[in-house]
Amino acid sequence: MAEPHSGGESRAASINPSTQEIGGTQQMNPRRLKGHKATATCCVASRLRPGVIASSGEDGCICLFDLRCKDVLFTIDVGEEPVSSLCFKAGNEDILYASSGTKVSCFDIQMASSWKPLETYSYNKDEINQISFSTKSNFLAAADDSGEVKIIDSCQQSLYRTLRMICSCVQFVPWKPWTAITGGLDLKLAIWDFSKGRPHNVIDYGMAEPDSNITNGNAGQCFNPAFVHSIAVPEVDMLPGLNKVCAAARGDGVIDVIDLEVELANMKSKSSSIAKGSQTRSRKADAQSANTMGQVLRKRTRLDYSLGGHTAGVSCVSFSLFGERGKFLISGGNDASVKLWDWSKCSYPEQASCSTHLSLTVNMNRKVNWLCTTPTDSENLVVCDTSKILKIYTVA
């Protein structure tokens, strides 16, 4: 049942990247949200109710905040195990999913009189790291420590498919209803057709890539493996005209921004070449094909320490919901910092370098577990670090 707690303190720290020196570093006193009794693990922001935030913690609880109020609205006692991940149901944000241990529980946040789960899914064999809900269907994904991703049909309340690869994070692709992306501790990023249970393409960060495939920045730091800790995919209506990409937060301090359409087009091209076998193509056809690919191809962008980025593993990454939605890529890391990248400038072909597009660095006192943004002009950056208190900043 609902439990009131003492909540917000002071106003959110206000940071304006447009008025700061490029790549400037800020040490601010943020607004602090209290409610958890142990480390906060995850936070999600409502898109339909600006200012409404849900957070989870190692105390086995979910806290719901409204940033217009001082105190936490209520808490949900999920159980004794830590709550590792949260997500709202797309299109109905009264429904909140939470992972705890090997199960996923579904709650109606309007039912303040009873916090009994509406549904509980126990398909995973090991502790769940992340859950994600598709914005274009009724599928829920849960990635666990065993490396499997369970795709759950929330309408049928049944297991739809199991994706097997060493996966620790998962996101759906909004503009491709049957496509999901996973990343894990095997240093691989996989783009899946989850209806068939097999990957379209796999990017192996453990293998050296030709320099021609990479723009901006250098290779990752040699002492930290390129584990994929977090994946972000922009919504369909974010920054129309820009490439359809995903961002991968890696353990070597790199954020890899990948053009998904090019990756899938390259796979189709390879498959077509194999299917044709030894069939030859005319020089004119080859020239036309090369020209077409040249028009759509955008090299992968690596945002790393050589550009002012993270000096330790990147734990989370997200596209901004405030202002021009998707303009900023926000990352948090084990170096106790949050970075704001104006990545949109890197996506235009006339931009030769992203070296000046780190807009802001916010120094934290602790490692960052998770972060999210809100669709508001103020109090729009929420950070969970290794403490039990959420930090709120204004970045606009």
Side-chain angles (χ1 to χ4, degrees), residues 1 36-44 54-64 74-172 178 180-186 190 192 194-198 229-231 369-370:
M1 59 182 294
H36 289 289
K37 299 176 182 178
T39 298
T41 55
C42 183
C43 56
V44 290
S55 64
S56 61
E58 292 183 355
D59 54 2
C61 292
I62 299 169
C63 292
L64 195 77
F74 53 76
T75 64
I76 303 173
D77 188 356
V78 179
E80 295 182 359
E81 295 187 89
V83 180
S84 56
S85 183
L86 298 171
C87 67
F88 285 110
K89 182 174 183 177
N92 181 8
E93 293 186 348
D94 288 341
I95 304 301
L96 179 68
Y97 291 92
S99 61
S100 178
T102 60
K103 68 180 181 181
V104 179
S105 301
C106 172
F107 298 93
D108 186 336
I109 62 175
Q110 296 298 321
M111 296 175 62
S113 60
S114 173
W115 295 124
K116 183 178 179 180
L118 301 177
E119 307 158 13
T120 300
Y121 303 115
S122 300
Y123 298 116
N124 293 81
K125 299 176 183 178
D126 212 334
E127 183 176 347
I128 298 170
N129 290 310
Q130 187 181 25
I131 56 176
S132 177
F133 201 95
S134 172
T135 59
K136 294 299 181 180
S137 63
N138 290 297
F139 290 112
L140 173 74
D144 65 32
D145 275 349
S146 73
E148 293 185 344
V149 175
K150 302 295 183 180
I151 305 293
I152 301 164
D153 188 328
S154 64
C155 282
Q156 300 297 321
Q157 297 186 20
S158 62
L159 180 65
Y160 176 77
R161 192 79 68 193
T162 297
L163 310 181
R164 290 183 173 89
M165 191 173 279
I166 304 178
C167 307
S168 58
C169 53
V170 58
Q171 290 292 331
F172 291 98
W178 295 101
I181 305 174
T182 63
L185 304 185
D186 57 356
W192 296 82
F194 67 84
S195 68
K196 298 177 180 177
R198 62 172 182 254
H229 293 306
S230 172
I231 300 167
N369 281 335
W370 206 253

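Residue numbers count from 1 along this sequence.
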Would a 4.5 Å heavy-atom cut-off, applied to side chains only, mark [X] and [Y] as touching?
X: Cys106; Y: Ile95; result: yes
X: Ile62; Y: Ile109; result: no
X: Ser99; Y: Ser84; result: yes
X: Ile151; Y: Val149; result: yes
X: Glu148; Y: Tyr123; result: no
X: Lys89; Y: Asn138; result: yes
X: Val104; Y: Lys150; result: no

Which atom names give the shortest non-hydrogen contact between [X] and [Y], and what distance separates them?
X: Met111; Y: Leu118; answer: SD-CD2, 3.9 Å
X: Ser146; Y: Asp126; answer: N-CB, 3.6 Å
X: Leu140; Y: Cys87; answer: CD1-SG, 3.9 Å
X: Leu185; Y: His229; answer: CD2-CE1, 4.5 Å
X: Ala90; Y: Ser134; answer: CB-O, 3.5 Å
X: Asp108; Y: Trp115; answer: O-CZ3, 3.6 Å

What distance do [X] atom [atom1] and [Y] atom [atom2] have between them, rounded to the nearest 0.5 Å?
X: Ile131; Y: Gln171; atom1: CD1; atom2: CD; value: 10.5 Å
X: Ile152; Y: Glu119; atom1: CD1; atom2: CD; value: 9.5 Å
X: Asn369; Y: Ser230; atom1: CG; atom2: OG; value: 12.0 Å
X: Asp186; Y: Cys167; atom1: CG; atom2: SG; value: 7.0 Å

(message) Quick one: does any side-chain atom of Thr39 pair with a main-chain N or O of Glu58 as donor and acceptor, under 3.5 Å?
(response)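 Between the backbone of Glu58 and the side chain of Thr39 there is no qualifying donor-acceptor contact (under 3.5 Å).
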
(message) For Val170, is there any backbone N or O sitting under 3.5 Å from a side-chain donor or acceptor partner on Gln130?
(response)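 Pair found, side chain donor or acceptor close to backbone of Val170.
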
(request) Start with the C-alpha gap between Phe139 and Asp153, add the side-chain angles, then the distance that decides, and say whether side chain to side chain contact (heavy atoms under 4.5 Å, CB included) holds. (result) CA-CA 5 Å; Phe139 290 112; Asp153 188 328; 4.1 Å; yes

(request) Return the set of residues passing side-chain hydrogen bond (donor to acceptor under 3.5 Å, both in side chains) with Ser85 (not counting sequence neighbours), or none when no residue passes. (result)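 For Ser85 there are no side-chain hydrogen bond (donor to acceptor under 3.5 Å, both in side chains) partners, ignoring immediate neighbours.
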
(message) Going by side-chain hydrogen bond (donor to acceptor under 3.5 Å, both in side chains), name the residues that satisfy it together with His36, two or more places apart in sequence or in a different chain.
(response)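 Per chain and number, His36 pairs via side-chain hydrogen bond (donor to acceptor under 3.5 Å, both in side chains) with Ser55, Asp59.
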
List the residues meeting ring-ring contact (aromatic ring centres under 6.0 Å, His included) with [X], not counting sequence neighbours, and say none if there are none.
X: Phe107; result: none
X: Phe88; result: none
X: Tyr97; result: Phe133

(message) Test of understanding: with salt bridge (charged side-chain N to carboxylate O under 4.0 Å, His left out), list the residues that count as partners of Asp94, not counting sequence neighbours.
(response)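 For Asp94, the residues satisfying salt bridge (charged side-chain N to carboxylate O under 4.0 Å, His left out) (neighbours in sequence not counted) are Arg49.
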
(request) Please check if any side-chain donor atom of Ser56 sits under 3.5 Å from a side-chain acceptor atom of Thr41, or the reverse. (result)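 Thr41 and Ser56 do have a side-chain donor-acceptor pair below 3.5 Å.
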
(message) Pair Val83, Ser105 - check side chain to side chain contact (heavy atoms under 4.5 Å, CB included), show working.
(response) CA-CA 10 Å; Val83 180; Ser105 301; over 6 Å; no

(request) Anything under 30° is parallel, anything over 60° is perpendicular, the rest tilted; go ahead and classify Trp178 against Tyr160. (result)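 Ring orientation, 0 to 90° scale: tilted.
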
